[in-house]
Amino acid sequence: MKFGTNLILPVLDWVDYRLPVFSYARDNLIDYPTPKNLNYWWNFGSLAGILLMIMIITGFFLAINYSPHTEFAFASVEHVMRDVNYGWLLRFMHSNGASMFFVLVYIHMFRGLYYGSYKAPRELLWIIGVCIYLAMMGTAFMGYVLPWGQMSYWGATVITSLFSAVPIIGDTIVTWLWGGFVIDNNTLTRFFVGHYLMPAVIYMLVIVHMWALHQHKSNNPLGVDMKSTADSIPFHPYYTIKDMFGLGVFMIIYMGIVFFAPDMFGEPDNYIEANPLVTPPHIVPEWYFLPFYAILRSIENKLVGVIAMFAGVGILFALPWMDRCRVRSAKFRPIYRQFFWIFVFDCLVLGYIGAQAAVEPYVTIGRIATAYYFAHFLIVCPMICKFEKPLEPPESISSAILKSEQEKTAKGAG
Amino acid sequence: MSDETANGSGDDGEDRRDFLQLATYTVGAVGAALATWPIIDSINPPADVLALSSTEVDIEPIEEGQSITVVWRGRPVFIRHRTADEIEQAVSVSLADLPDPQSDADRTQKPEWLIMVGVCTHLGCIPIGQRETEPKGEFGGWFCPCHGSHYDTSGRIRKGPAPANLEVPAYSFLTDTTIKIG
Ligand code: HEM
Ligand code: FES
């Protein structure tokens, strides 16, 4: 890289020759060839990355004022809210940020499902994504325990007890997680440390995710590979500006919630300090866990229920091998496209059921929705790819754009 | 794979090198495995947690049909003074009807006193039914609202996702009216 010959720029050249950060940034952020036809569903990855930074920063400043001890935790969070300058802002940005993080990542994942972004050669990219998702769930769960309210405590009890279903070593695992025979100070300290550590792990996973992404570059709404320079545009300024615009829209929504409805996602019970002797009558996990919670509860047997719940996430790892249709984008898959929406609906039903008490008719609906969830991956996807006749995708991205432009002009002229 | 000049004796030298290599890996692997134990053990319950051993309770004031909850090792223990009716219900069930078969006699030392850890064996919530006004589930004992487990008047699981009966802790009657749990 050659910056020039005035006083400052040669220093940059000197650095770049020894540590090519500037060349790297140019290759991956500026000149980086990006499909020219990405739509707004492609904004969510970069949004998630920015929100990860927001979470790490607000989290750090919260941790400065927080005491990870059962006697002080609840009070220290109230101290953040009332006494610390802008503590309320940090806390509400962090707690609502977690919810928004899941909103973004869920959209990001459904985008991948719709456009077949998990297919060759992006299987590992997808799998790393699922690892990120798992790490996020662990982080969010441990973070929710820290305020030491009633929901923190009992949510932690129920979730950690899931591991007691593991045959033979289950109880040992739970004792390890707890550091005792009940959830207590030992549990709180290890969760605090875990919650501080995990985002660093997520950060590293995101780097690997980007590494894999940049190997074969982004997929796109047509699902055909970039074949020539006519198919791509440089990342900067086209997508930097588009991502910034998306960020603006997102921040309006996110900060709107932070300022005007900061407890929208929260549970009132978590403003009651943890009491190990009283379980709240209706325990619900955070909304982003609800579909999996519904799967857990729809199965009567404890071990099978727990296995099904983890399988609900784990099955995403196998998706690239369940759906082997060569055509990526649902745009050209008339049957898959319909089942995609049925699957989205099924996930929403599961989420709704997860929030209800375990009584009829919710139990039965939950069972059907659970069965369908797994059937989508194990039966529907493989079957569609056997029987569906996909439409012919266009030759290339640029030819498709050219064609639609020509049609437009033809119409305009006629 | 190697040229035979270095060790001179060809195959012999290779065997010896393979053996040394294998031995080194093995010792290294065993050493690494052993070194992880102190780390794993450090997350086990520490000595002060283990030391929280027993609790003594005076059960004299508990009237028939009443329950109290005491704390033992940080967990609630239900102590119920059962009515004749409840005992009758608990005893009359056939073991074949139970998901986790256990006779009432196996769960009590004196039939009128039912003592057990009040932690649902499903995922650890505290069942309700201790207070007179609380729902007691379909079998007249306890009900766990978290995911709907029903326990009978002997604290045995009858319906719902919990796999086992409420745990009976080790306890003994010090006198007729005092018990020691743990
Ligand atoms: C912290 C969470 C995550 C971050 C920061 C992140 C970031 C990104 C970014 C910036 C992109 C490129 C832009 C885009 O295509 O939207 C991307 C692409 C991708 N991500 Fe993620 N991601 C995250 C989680 C996930 C998860 C949970 C999955 C799937 C389970 C996933 C699957 C993918 C796939 C398949 C692509 C390639 C998409 C394509 O080019 O069509 N990601 N990710
Ligand atoms: S914890 Fe009691 S039913 Fe699940």
Side-chain angles (χ1 to χ4, degrees), chain A residues 70 153-165 167 170-187 189-190 193-194 275-285 293-294 296-306 309 354 357-360 362-363 366, chain B residues 36-37 39-53 68-78 99-100 117-131 133-135 137-138 142-150 157-164 167 169 182:
Chain A
T70 49
Y153 185 91
W154 291 102
T157 304
V158 168
I159 303 291
T160 49
S161 298
L162 290 175
F163 292 93
S164 69
D171 288 329
T172 315
I173 298 177
V174 174
T175 311
W176 281 346
L177 288 172
W178 290 352
F181 304 106
V182 285
I183 293 201
D184 208 337
N185 198 46
N186 291 338
T187 326
T189 45
R190 59 194 65 190
V193 173
N275 179 351
L277 296 181
V278 180
T279 310
H282 189 47
I283 301 193
V284 273
Y293 197 58
L296 168 78
R297 292 196 309 179
S298 68
I299 293 170
E300 278 265 315
N301 180 292
K302 176 171 165 181
L303 178 60
V304 180
V306 173
M309 183 175 117
V359 291
E360 290 299 348
Y362 303 123
V363 178
Chain B
T36 56
W37 175 245
I39 293 174
I40 293 175
D41 201 28
S42 79
I43 61 173
N44 268 326
D48 61 334
V49 170
L50 293 174
L52 300 170
S53 51
I68 63 161
T69 306
V70 297
V71 180
W72 171 64
R73 289 193 176 161
R75 295 194 295 174
V77 170
F78 292 171
D100 179 13
V117 177
V119 173
C120 181
T121 57
H122 182 226
L123 297 173
C125 292
I126 297 179
I128 50 179
Q130 282 290 84
R131 291 207 195 102
T133 49
E134 286 172 348
E138 287 174 26
W142 286 264
F143 172 66
C144 181
C146 285
H147 316 95
S149 288
H150 301 254
I157 180 66
R158 299 297 290 275
K159 187 179 164 198
E167 179 193 336

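Throughout, a chain's letter reflects where its sequence line sits, starting with A, and its residues are numbered from 1. For the numbers below, each heavy atom of this structure counts, side chains included, while hydrogens, waters and symmetry mates do not.
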Counting heavy-atom pairs under 4.5 Å to chain A, which of B:Ala162, B:Cys120, B:Gly160 comes out on top? B:Gly160
List the steps and the verdict of side-chain hydrogen bond (donor to acceptor under 3.5 Å, both in side chains) for B:Glu134 and B:Trp142. CA-CA 9 Å; B:Glu134 286 172 348; B:Trp142 286 264; over 6 Å; no
Does any heavy atom of chain A fall under 4.5 Å from the side chain of B:Ser149, the backbone, both, or neither of them? neither
Which residues pass the side chain to side chain donor-acceptor pair (under 3.5 Å) test with A:Tyr293, not counting sequence neighbours? B:His147
So, A:Ser164 versus A:Lys302: side-chain donor-acceptor pair below 3.5 Å or not? yes
Is A:Trp154 close to chain B through its backbone or its side chain, or both, or neither, when contacts mean heavy atoms under 4.5 Å? side chain
For A:Asp184, is it the side chain, the backbone, both or neither that has a heavy atom under 4.5 Å from a heavy atom of chain B? neither
Proximal component of A:Leu296, with respect to chain B [non-hydrogen, under 4.5 Å]: side chain
Treating A:Asn185 as the side-chain partner and A:Thr70 as the backbone partner, does any N or O pair qualify as donor plus acceptor under 3.5 Å? yes
Taking 4.0 angstrom as the limit, do B:Lys159 and B:Glu138 come out as a salt bridge? yes
Side chain of A:Asn186, backbone of A:Gly179: donor and acceptor closer than 3.5 Å? yes
For A:Val306, which atoms come within 4.5 Å of any heavy atom of chain B: side chain, backbone, both, or neither? neither
Looking at chain A, which one of B:Asn44, B:Ile40, B:Val71 has the largest number of heavy-atom pairs inside 4.5 Å, strictly under? B:Asn44
Okay, A:Ile283 and chain B: the region with an atom under 4.5 Å from a heavy atom over there is side chain
